[in-house]
Peer 1: 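Take this structure, written in structure tokens, and hold onto it; I'll ask about it next.
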Amino acid sequence: MIELSAEEARVLGCLMEKAVTTPDNYPLSVNALINACNQSTNRDPVVSYDESTVERALEALREKGVSRRVRATGQRVVKHRHVVDEALQLSVPEFTVLGILLLRGDQTPGELKQRSERWHTFRSLDDVEQTLQQLASREFIRQLDRRPGQKEARWTPLVVAPAEALPSSAAGPSGTAETNARPESREPPVRGEMVAAPDPEPRSLDIRNPATGELLRSVAITDEREIERKVERARRAQPGWSALGYAERAARMRAFRVALESEAEECARTTTREMGKPIRQARNEVQAVIERIDWNIDHAGSIIAARPVTAAGTGAVEERITHEPVGLVAHVSAWNYPYFVGLNSIVPALLTGNAVLYKPSELATLTGLRLVDLMHRSGLPVDVIQSVVGGGGAGAALVAADIDMVCFTGSYATGRQVARAVADRLVRVQLELGGKDGAYVCDDVDIESAALAVAEGAFYNGGQSCSAIERLYVHDSIFDRFVTSLAEVVSAYRTGDPEDEQTDIGPLARTAQLEVLDAQVADAVAKGAQLVCGGRRIERPGSWYEPTVLIDVDPGMGLMRDETFGPVIGVQRVRDDDDALVQLDDTEFGLGAAVFTPDRARAERILARLDVGNAYWNRADRSSVRLPWAGRRHSGLGVSMSESGVRAFVREKAWHLGL
Ligand code: NAD
């Protein structure tokens with residue numbers, strides 16, 4: 001036996017506690033099951049689920065070598081539908097759901113051991129969902145009750161989580177509850193016995209803390225077949241969601257917003273741990289996205305309301321416009337602002353009556369799963385918003401599935417692949433792609449405050465913003481003084497542990513990006529650029545790069561042409577406004593441009609002539625839910641946020657009503 005601390009025992013209690021606490025849970029719809037579980041959680045702290053506590057305990061258990069064939073004193077029982085999702089998706093060894101056990105109130109553990117037919121082994125996450133649905137419709141119970149010698153009885157569904165993951169590749173061709181109900185080759189696990197995984201082939205995504213390199217979790221990847229099933233379920237659920245009407249959909253979204261606010265700190269920490277965003281910035285993002293959700297809830301209803309075009313009774317034909325949801329929206333996301341990028345699409349898509357399949361970036365998966373979990377707990381139907389886990393393979397499979405629209409955020413290279421993948425099917429596509437935003441510092445600025453603002457625009461989030469300033473043009477007459485001031489600001493940035501409240505710059509989320517930065521800096525230096533500060537990796541575990549400023553750069557360098565996506569900026573001299581305009585425009589991207597000057601008319605004159613979606617005066621790297629976000633050229637296609645970003649998720653219907 002393993003000796004556990006009181007805390008570990010308490011947490012294990014959450015997972016292994018005696019099962020039958022709410023025999024009246026049945027029959028239940030899946031949502032009602034979740035609600036009932038949540039309610040019983042509120043009443044009974046023993047089964048409460050607190051992720052960070054569980055994590056700590058699991059970590060402690062791992063250190064003690066508890067993983068494989070541990071004999072536990074009780075059952076690992078996970079009663080929350082969303083925890084089931086998470087357990088399967090995350091594949092935490094000690095917390096992985098393998099099957100569902102149906103307990104009859106009068107059964108003893110001894111009887112259970114003899115009744116293998118009541119153990120249903122899950123083959124995949126889809127199987128979990130199907131089984132729960134079948135439970136809700138009593139179908140699963142009927143199957144059991146039909147067995148010889150079995151009399152009609154009241155069953156309580158319990159999800160049991162033995163030690164090891166069952167890779168989703170083990171899913172059978174049909175994966176139905178009925179065919180899986182009697183596993184041929186395995187004894188049923190009972191009362192906490194842990195079973196070995198039948199298939200050792202890993203099908204999971206390792207999530208590492210980029211600040212330390214430490215493995216945070218392994219998450220099961222959603223395979224193609226599961227994606228297809230998710231699509232089918234979303235298709236079935238979407239009309240009902242749409243038919244609920246705006247007020248009800250908005251009420252559920254508001255519940256999600258409240259839940260997000262109450263778990264804001266945990267959300268921010270999850271993001272900081274998995275992608276390295278400094279904790280203060282992660283908190284800012286969560287708070288700001290809450291305001292965006294509010295705006296969408298307050299405005300989307302009127303934006304998609306039916307609109308009479310002609311006054312009734314004023315002509316032979318009455319004309320009217322209505323809006324219908326697109327249907328099934330796939331959102332393939334980036335990691336750098338996982339709340340903004342994810343919810344800018346998901347919230348208006350859901351509010352307007354669509355179902356959404358959401359693939360978070362592989363570098364922000366835990367954040368994405370947390371968001372979906374929060375939505376489910378807030379009453380958004382489990383089939384209407386579903387997650388897909390994985391990297392490019394899962395993204396490609398999702399895009400290839402039977403969807404009606406894809407919202408993609410990521411690089412230009414991947415965006416083009418996505419556009420090609422859906423082109424033949426005429427699937428609606430929205431692409432939010434990379435940038436190479438330029439900024440021009442005029443000769444009339446207050447140098448110190450302009451340097452602060454430019455540095456913020458270039459180095460916030462470690463420069464990992466699509467609209468970060470990546471090319472800086474400074475008027476010749478103030479160039480040296482400005483660069484000195486900029487270098488002072490940048491050198492004073494505190495680079496370090498992103499969970500530290502004082503940290504300004506954390507690690508790079510993507511380790512491979514270090515090579516991009518190395519290459520761009522080396523190329524620039526080889527072509528004559530001078531390093532003013534930084535210019536090297538920081539040698540410590542994780543993925544770190546010094547905040548870097550280079551001068552004597554020119555448009556022939558990769559640093560001034562290709563997306564950098566890290567804490568590095570090149571600063572180039574310009575003669576005057578016309579020269580600045582030419583340089584700012586010398587890019588294939590078209591996300592944004594900024595002009596720093598006290599002279600608003602001067603700034604507007606320059607910005608009006610640039611082919612960009614965002615024009616910034618004395619600001620940079622900013623977005624607002626009230627304004628459209630629409631990159632041009634290689635920066636994207638389509639619009640998110642604002643009224644246009646809501647309309648993106650509906651189809652208009654023109655009514656010609658003869659009187
Ligand atoms: P990425 O292109 O590597 O990946 C984006 C997403 O696409 C990920 O979820 C990835 O798993 C998935 N994917 C990869 N290959 C795929 C394929 N063949 N088919 C379908 N999906 C696939 O980009 P990233 O590193 O996650 O994000 C950084 C990029 O995103 C930068 O270029 C940045 O500028 C851009 N970005 C743009 C905006 C914007 O609003 N314009 C916002 C944030 C990030």
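As the structure lists them, so they are numbered: ligands from 1, and atoms in each ligand from 1. Hydrogens, waters and symmetry mates play no part in the numbers below; they use all other heavy atoms, side chains included.
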Peer 1: Is there a side-chain contact between Tyr616 and Ser467 in this structure, where contact means two heavy atoms from C-beta onward sitting under 4.5 Å apart?
Peer 2: yes
Peer 1: Considering only NZ, NE, NH1 and NH2 on the basic side and carboxylate oxygens on the acidic side, decide whether Asp586 and Arg471 come within less than 4.0 Å.
Peer 2: no
Peer 1: In this structure, does ligand 1 have an atom that sits under 4.0 Å from one of the heavy atoms of Gly636?
Peer 2: no
Peer 1: Return the residue, atom name and 0.1 Å-rounded distance of the protein heavy atom closest to atom 41 (N) of ligand 1.
Peer 2: Leu433 O, 2.7 Å
Peer 1: Kindly identify the option in Gly410, Ala413, Gly631 whose heavy atom sits closest to atom 35 (C) of ligand 1.
Peer 2: Gly410
Peer 1: Using a strict 4.0 Å threshold on nitrogen-to-oxygen distance, state whether Glu265 and Arg269 make a salt bridge.
Peer 2: yes
Peer 1: Between Asp554 and Lys527, is there a side-chain N and carboxylate O pair less than 4.0 Å apart?
Peer 2: no
Peer 1: What I'd like to find out is whether the side chain of Ser640 reaches to under 4.5 Å of the side chain of Glu432, using heavy atoms alone.
Peer 2: yes
Peer 1: Are the side chains of Trp629 and Val639 in touch, meaning some heavy atoms are under 4.5 Å apart?
Peer 2: no
Peer 1: Closer than 4.0 angstrom, basic N to acidic O: yes or no for Asp383 and Arg236?
Peer 2: no
Peer 1: Looking at Asp404 and Arg235, is any side-chain nitrogen of the basic one under 4.0 Å from a carboxylate oxygen of the acidic one?
Peer 2: yes
Peer 1: What I want to know is whether Ser635 and ligand 1 share at least one N or O pair that is separated by under 3.5 angstrom.
Peer 2: no
Peer 1: Name the closest protein heavy atom to atom 38 (C) of ligand 1, giving the residue it belongs to and the distance to 0.1 Å.
Peer 2: Cys466 SG, 3.1 Å
Peer 1: Atom 22 (C) of ligand 1: which protein heavy atom is closest, and how many Å away?
Peer 2: Thr414 CG2, 3.5 Å
Peer 1: Are Arg536 and Glu546 close enough for a salt bridge, meaning some N to O gap below 4.0 Å?
Peer 2: yes
Peer 1: Any N or O of Tyr412 that comes nearer than 3.5 Å to an N or O of ligand 1?
Peer 2: no
Peer 1: Mark the output for Phe340 as yes if a heavy-atom distance to ligand 1 is under 4.0 Å, and as no if none is.
Peer 2: no
Peer 1: With a distance cut-off below 6.0 Å to the six-membered ring centre and an angular limit of 45° from the axis, does Arg292 pair with Phe340 as a cation-pi contact?
Peer 2: yes
Peer 1: Taking Lys359 first and then Glu362, would you say they form a salt bridge - that is, a charged N and a carboxylate O separated by under 4.0 Å?
Peer 2: yes
Peer 1: Counting both backbone and side chain atoms, is some N or O of Thr409 under 3.5 Å from an N or O of ligand 1?
Peer 2: no
Peer 1: Mark up the atoms of ligand 1 that fall under 4.0 Å of a heavy atom belonging to Ser361, in ascending order.
Peer 2: 9 (O)
Peer 1: Please name the residue in the list Arg283, Arg273, Arg280, Lys277 that meets the salt bridge (charged side-chain N to carboxylate O under 4.0 Å, His left out) test with Glu499.
Peer 2: Arg273
Peer 1: Closest non-hydrogen protein atom to atom 26 (O) of ligand 1, residue and atom name please, with distance?
Peer 2: Trp335 CD1, 3.1 Å
Peer 1: For ligand 1, which part of Val418 has a heavy atom less than 4.0 Å away: the side chain, the backbone, both, or neither?
Peer 2: side chain
Peer 1: Check each atom of ligand 1 against the heavy atoms of Ala396 and keep those under 4.0 Å away; list them by number with element.
Peer 2: 19 (N), 20 (C), 21 (N)
Peer 1: Does any N or O atom in Arg510 lie less than 3.5 angstrom from one in ligand 1, N or O only?
Peer 2: yes
Peer 1: What is the nearest protein non-hydrogen atom to atom 12 (C) of ligand 1, stated with its residue, atom name and distance?
Peer 2: Val332 CG1, 3.6 Å
Peer 1: Give the numbers and elements of all ligand 1 atoms closer than 4.0 Å to a heavy atom of Gly391.
Peer 2: 11 (O)
Peer 1: Out of Ala334, Ser333, Gly395, indicate the one that has the non-hydrogen atom closest to atom 8 (C) of ligand 1.
Peer 2: Ser333
Peer 1: What's the verdict on side chain to side chain contact (heavy atoms under 4.5 Å, CB included) for Arg510 and Glu515, showing C-alpha distance, side-chain angles and the deciding distance?
Peer 2: CA-CA 10 Å; Arg510 191 193 281 285; Glu515 282 157 33; over 6 Å; no
Peer 1: Would you call Asp518-Arg537 a salt bridge at under 4.0 Å N-O?
Peer 2: yes
Peer 1: Looking only at distances, can you tell me whether any N or O atom of Ser465, backbone or side chain, sits closer than 3.5 Å to an N or O atom of ligand 1?
Peer 2: no
Peer 1: Taking only heavy atoms of Trp629, which atoms of ligand 1 are found under 4.0 Å from at least one of them?
Peer 2: 39 (C), 40 (O), 41 (N)
Peer 1: Identify the closest protein heavy atom to atom 18 (N) of ligand 1: which residue and atom is it, and at what distance?
Peer 2: Gln417 OE1, 3.1 Å
Peer 1: Between Pro338, Ser411, Gly390, flag the one that comes closest to atom 23 (O) of ligand 1 by a heavy atom.
Peer 2: Ser411
Peer 1: May I ask whether Phe565 places a heavy atom under 4.0 Å from ligand 1?
Peer 2: yes
Peer 1: Among all the protein's non-hydrogen atoms, which is closest to atom 7 (O) of ligand 1, and how far away is it?
Peer 2: Phe408 CE1, 3.1 Å
Peer 1: When you measure from atom 10 (C) of ligand 1 to each heavy atom in Arg416, Glu362, Glu563, Gln513, which option holds the nearest one?
Peer 2: Glu362
Peer 1: Identify whether the distance between the nearest side-chain nitrogen and carboxylate oxygen of Glu588 and Arg633 falls below 4.0 Å.
Peer 2: no
Peer 1: Identify, for atom 43 (C) of ligand 1, the protein heavy atom at the shortest distance, and state residue, atom and that distance.
Peer 2: Asn336 OD1, 3.2 Å
